[in-house]
J.: 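One structure coming up, written as structure tokens, with questions to follow.
Numbers here simply count residues along the sequence, with the first being 1.
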Amino acid sequence: PFTVRVKETDLWVAVDEKSFSPDLPQRVEELVWWQHQLLEDYMKKDPLFRETFSPYLLAAGAPPLALEMVRAGNRAGVGPMAAVAGAFAQLVGKFLLQSCQQVLVENGGDIFLKMKRPTRLGIYAGKSPFTGKLALEVPARRSPWGICTSSGTVGPSYSEGRADAAVILSASAPLADAVATAAANRVKGPEDLNPALDFARGIRGVEGVLLIYRDKLAAWGQVKLLPARS
């Protein structure tokens, strides 16, 4: 494992030991700096890209990372910045898979994962009684996973809702990030869990949904819940 921090991007990265090389953290940091610069240069020309909470139409000359974010946000009905953490996690994860067999990239609670065996991830849902009690087991498979979490009660990110956790599983980390934001926006009370679940599961590419509001939860799809290990 190693960490890389570039401005708002704060990565915890793990790769299989055989694939690790001493220069790998520096190569990842250089990649993130470069992509940050491309994105920031674009946002200077198109400031609404950063500000909007709605689906968006890109201007000419946008970098590929911005296109990934817009595609994800538009499918979820939210702005492109709702997908930025998942987009950076996936960018780094795909870069690492060029030389590594197993990869986990975590960026502020948003995860890109490619492992050869099932992986257990702890669930943090703020003051919900499920925090520290439940874990999500993600099955191994050929294609990577994007596993992203949004919350209306935890962290600095803006949310219109009060969900303690909205967790989305997809092959696309940017899509998982955007849909997690959109689903969390819809949960303002326990009566909103099932409608928000139906919304998320109806988006093409979403493979699993877990929503938590205080002592209530709703789940669908590739969600295997286990007791958290002490």
J.: Is it the case that the side chains of Lys18 and Gln101 hold a donor-acceptor pair, with the cut-off being a distance below 3.5 Å and no angle test?
T.: no

J.: Before accepting this row, confirm whether a basic side-chain N of the pair Arg27/Asp23 lies closer than 4.0 Å to the acidic partner's carboxylate O.
T.: yes

J.: With side chains defined as the heavy atoms from C-beta onward, is the minimum distance between Phe95 and Val28 less than 4.5 Å?
T.: yes

J.: Using a 3.5 Å distance criterion without hydrogens, assess whether the side chain of Asp192 forms a donor-acceptor pair with backbone atoms of Gly189.
T.: yes

J.: Walk me through whether Ile123 and Ile212 qualify under side chain to side chain contact (heavy atoms under 4.5 Å, CB included).
T.: CA-CA 10 Å; Ile123 294 172; Ile212 296 175; 3.9 Å; yes

J.: As an exercise, state the distance from NZ of Lys127 to CZ of Arg214, rounded to the nearest 0.5 Å.
T.: 10.5 Å

J.: I'd like to know if Ile168 and Leu121 are part of one continuous hydrophobic network [Ile/Leu/Val/Met/Phe/Trp/Tyr, side-chain heavy atoms within less than 4.5 Å].
T.: no

J.: Scan for side chain to side chain donor-acceptor pair (under 3.5 Å) pairs involving residues 160-182, sequence neighbours excluded, and state none if there are none.
T.: Thr153-Asp164

J.: For Ser159, is there any backbone N or O sitting under 3.5 Å from a side-chain donor or acceptor partner on Ser150?
T.: no

J.: When you measure from the side chain of Asp110 to the backbone of Thr149, do you find a donor-acceptor pair of N or O atoms at a distance under 3.5 Å?
T.: yes

J.: Please determine if Asp10 and Arg5 form a salt bridge, counting it only when a charged side-chain N lies under 4.0 Å from a carboxylate O.
T.: yes

J.: Are the side chain of Trp220 and the backbone of Asp198 linked by a donor-acceptor contact shorter than 3.5 Å?
T.: no

J.: Is there a donor-acceptor pair closer than 3.5 Å between any side-chain N or O of Asp46 and the backbone N or O of Tyr42?
T.: no

J.: In Å and rounded to the nearest 0.5 Å, what is the CG to CZ distance from Leu39 to Phe49?
T.: 5.5 Å

J.: Let me confirm one number: the OG1-CD distance from Thr9 to Glu29, rounded to the nearest 0.5 Å.
T.: 11.0 Å

J.: Considering only NZ, NE, NH1 and NH2 on the basic side and carboxylate oxygens on the acidic side, decide whether Glu40 and Arg50 come within less than 4.0 Å.
T.: no

J.: Once you round to the nearest 0.5 Å, how far does CG of Leu211 lie from CG of Leu193?
T.: 6.0 Å

J.: Report the distance from atom CZ of Phe2 to atom CH2 of Trp12, rounding to the nearest 0.5 Å.
T.: 10.0 Å

J.: What's the separation between atom CG in Asp16 and atom CE in Met115, rounded to the nearest 0.5 Å?
T.: 8.5 Å

J.: Is the shortest side-chain heavy-atom distance between Thr3 and Val13 below 4.5 Å?
T.: no

J.: Please tabulate, for the side chains in residues 74-91, all donor-acceptor contacts under 3.5 angstrom to protein atoms that are two or more places apart in sequence or on a different chain.
T.:
{"unit_1": "Asn74", "atom_1": "OD1", "unit_2": "Tyr56", "atom_2": "N", "d": "2.8"}
{"unit_1": "Asn74", "atom_1": "ND2", "unit_2": "Tyr56", "atom_2": "O", "d": "3.0"}
{"unit_1": "Arg75", "atom_1": "NH2", "unit_2": "Arg204", "atom_2": "O", "d": "2.2"}
{"unit_1": "Gln90", "atom_1": "OE1", "unit_2": "Ala173", "atom_2": "N", "d": "3.0"}

J.: With the side chain counted from C-beta on, respond yes when Leu226 and Lys224 share a heavy-atom pair under 4.5 Å apart, and no when they do not.
T.: yes

J.: With a 6.0 Å cut-off (strictly less than), is the heavy-atom count around CD of Glu17, excluding the residue itself, greater than 12?
T.: no

